[in-house]
There are 2 protein chains.
Amino acid sequence: MNGDKNNATRAAILEAAEQIMREEGYAAVSSRKIAAKAGLKSQLVHYYFRSMDELFLALFQRVDEQRFQLLTQALASKRPLHALWKMSTDTNGPWLNKEFIALATHREQLREEIARGTERTRRIYAAVLARVLEERGLAHEAWPPAALAILLDGAARLMNSEAALGSSTGHQEAKNFIMHFLDQIEGQTAGPAVALYNSGT
Amino acid sequence: MNGDKNNATRAAILEAAEQIMREEGYAAVSSRKIAAKAGLKSQLVHYYFRSMDELFLALFQRVDEQRFQLLTQALASKRPLHALWKMSTDTNGPWLNKEFIALATHREQLREEIARGTERTRRIYAAVLARVLEERGLAHEAWPPAALAILLDGAARLMNSEAALGSSTGHQEAKNFIMHFLDQIEGQTAGPAVALYNSGT
DNA sequence: GTCTATAGGCCGATAGAC
DNA sequence: GTCTATCGGCCTATAGAC
């Protein structure tokens, strides 16, 4: 990889690549299309990234870093779980998960990088859940934070993906259900949480 | 589209296409690769499918039909929810969701077909949930079947996708949690279910 | 660092013989 | 229905001038 990491041309290339990926999917990302969108010659793309693999890797790292920053901000909010949920249901957010995961099918290095990013995000999500449940006195071995994180993240991604296809069967019910759940453990505003379940009887 | 729908060559082409899609992702599916895998000339692919769009559409319909058959079988089992869960967590099952969804980004006809298939599957899933909750006396407006269907399906797909990347953080917790949930509403074997929650206090 | 020029490959699709 | 032959396009990547 040549050139300064903070080079403006390099940044323009990644920005154009990300736009194409959002609009047309990863398979449409080519050095020629990137160059056309950024107003450059396609050979310049190869100057900054010696291969498309390298470009996709740099693009993922950029997106992952943005996501991490947003995640960190969400943690500092009054109701971090609501903030995380809002973030993960934002289809314009820096996720692009579908594309990168499909792209990673047979690109070893990218696959590992995405797995790392996924795990980091999951651990943060689970840690926040654990902390909130603990604070509200709702911690219970039957509600493992890691499991809840997967249910929430999975539902968000599934609905994002289906919405992109133009399908929304059951989405409103799921969103209401999850919002109700979040309100219960984190409060409707910043007030006290109510009991979720009764262990006995 | 030419040729008999039950033609053996046609079937071999679709079978080869499906294999390539599983192994290398949709972007690797080309008439030449299909032909190589099926031991045919690439032009034959164009004889049976006048365009790749048409081929992908036929492939999706084939996969969707298989899925529908399995779904129908699951409904007839003693514990349909357990059967559905097992089915959706089977990474070798006829899902291929990731690939088709990524592929559909800018293929209008395929997008509509996938949306239709998604909704049909979702409705069946939700209907089974509604029926079981009803039978067990657990029906309650706070647990809308459509929402539960999305949570279960989303978690299954997320874990499938992550497992393919080599990541499994929290998966065991989530699987245990969901299995516990299914056991509660559908019984551990085929026995009676226990109460899930108390509405009052 | 950006340009011109170009090699070399895989692709979808069609024409026409048999 | 399957074959041979082939067109035109877009792709990644490199060489070498400035």
Side-chain angles (χ1 to χ4, degrees), chain A residues 1-21 23-60 99-100 102-110, chain B residues 1-21 23-60 99-100 102-110:
Chain A
M1 191 187 327
N2 302 301
D4 185 352
K5 263 226 165 187
N6 297 322
N7 183 286
T9 307
R10 197 188 127 99
I13 289 170
L14 289 178
E15 178 58 33
E18 185 176 332
Q19 275 186 39
I20 295 167
M21 208 173 188
E23 293 162 7
E24 305 180 55
Y26 81 84
V29 178
S30 70
S31 55
R32 281 171 159 83
K33 277 198 184 162
I34 291 172
K37 178 155 292 219
L40 306 166
K41 297 290 169 182
S42 71
Q43 294 88 335
L44 256 191
V45 174
H46 295 290
Y47 172 76
Y48 283 96
F49 305 94
R50 77 181 64 241
S51 72
M52 293 304 285
D53 268 51
E54 204 173 276
L55 185 148
F56 281 123
L57 198 58
L59 182 54
F60 175 75
E99 296 303 333
F100 277 117
L103 177 56
T105 312
H106 262 192
R107 308 209 186 206
E108 189 58 17
Q109 217 187 338
L110 187 56
Chain B
M1 188 185 329
N2 302 302
D4 186 351
K5 264 229 166 185
N6 298 322
N7 183 285
T9 306
R10 196 188 128 99
I13 289 171
L14 289 178
E15 178 59 33
E18 184 175 335
Q19 274 186 41
I20 295 167
M21 209 172 189
E23 292 162 7
E24 305 180 55
Y26 80 86
V29 178
S30 69
S31 57
R32 281 170 163 82
K33 277 198 185 161
I34 291 171
K37 179 157 293 223
L40 305 167
K41 297 290 170 183
S42 71
Q43 294 88 336
L44 257 190
V45 175
H46 295 291
Y47 172 75
Y48 283 95
F49 305 94
R50 76 182 65 240
S51 72
M52 293 304 285
D53 268 52
E54 204 173 277
L55 186 149
F56 281 123
L57 198 58
L59 183 54
F60 174 75
E99 297 302 334
F100 277 116
L103 175 57
T105 311
H106 263 191
R107 308 209 185 205
E108 189 59 15
Q109 216 187 340
L110 187 56

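Chain A is the first sequence line, chain B the second, and so forth, proteins listed ahead of strands; every chain is numbered from 1.
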(message) Rounded at 0.5 Å granularity, tell me how far CZ in B/R107 sits from CZ in B/F100.
(response) 11.0 Å
(request) Give a yes or no on this: more than 12 heavy atoms of other residues, nucleotides or ligands lie within 6.0 Å of atom NZ of A/K41. (result) no
(message) What's A/T9 touching, base or sugar-phosphate or nothing? Going by heavy atoms closer than 4.0 Å.
(response) sugar-phosphate
(request) Check whether any side-chain N or O of A/Y48 sits under 4.0 Å from OP1 or OP2 of C/dT2, and answer yes or no. (result) yes
(message) I want to verify a distance call: between C/dA13, D/dA13, D/dT2, whose nearest atom is closest to the B/M52 side chain?
(response) C/dA13
(message) So which atom in A/L44 and which in A/L40 form the shortest heavy-atom distance, rounded to 0.1 Å?
(response) CD1-CD2, 4.1 Å
(message) What I want to find out is whether B/E23 reaches B/K33 closely enough, with some N-O distance under 4.0 Å, to be called a salt bridge.
(response) no
(message) I want to verify a distance call: between D/dT6, C/dC3, D/dC11, whose nearest atom is closest to the A/L44 side chain?
(response) C/dC3
(request) Provide the closest heavy-atom pair for B/V29 versus B/A17 in the form atom of the first, atom of the second, distance. (result) CG2-O, 4.0 Å
(request) Rounded off to whole Å, could you give me the CZ-to-C1' distance for the B/F56 and C/dG12 pair? (result) 12 Å
(request) Check whether any side-chain nitrogen or oxygen of B/S30 sits under 4.0 Å from OP1 or OP2 of C/dC10, and answer yes or no. (result) no
(request) Grab the CD-P distance between B/E54 and C/dG12 for me, whole Å please. (result) 14 Å
(message) Quick check for you: among C/dC11, D/dG1, D/dA13, whose closest atom lies nearest to any side-chain atom of B/Y47?
(response) D/dG1
(request) Mind calculating the distance between CD1 (A/I34) and P (C/dT2) to the nearest angstrom? (result) 15 Å
(request) Using atom NE2 of B/H46 as one end and atom P of D/dT4 as the other, report the distance to the nearest whole Å. (result) 15 Å
(message) Side-chain N or O of B/K41 versus OP1/OP2 of D/dT4: is the shortest distance under 4.0 Å?
(response) yes
(request) Starting at atom CZ of B/R32, determine the distance to atom P of D/dC3, rounded to an integer number of angstrom. (result) 15 Å
(request) Using atom CG of B/L40 as one end and atom C1' of D/dG1 as the other, report the distance to the nearest whole Å. (result) 11 Å
(message) So if I take every side-chain heavy atom of B/Q43 and compare against C/dC11, C/dT14, D/dA13, which nucleotide ends up nearest?
(response) C/dT14
(request) Specify the separation, in whole Å, of atom CZ of B/F49 and atom P of D/dG1. (result) 13 Å
(request) Provide, to the nearest angstrom, the distance between the CD1 atom belonging to B/I13 and the C1' atom belonging to C/dA13. (result) 15 Å
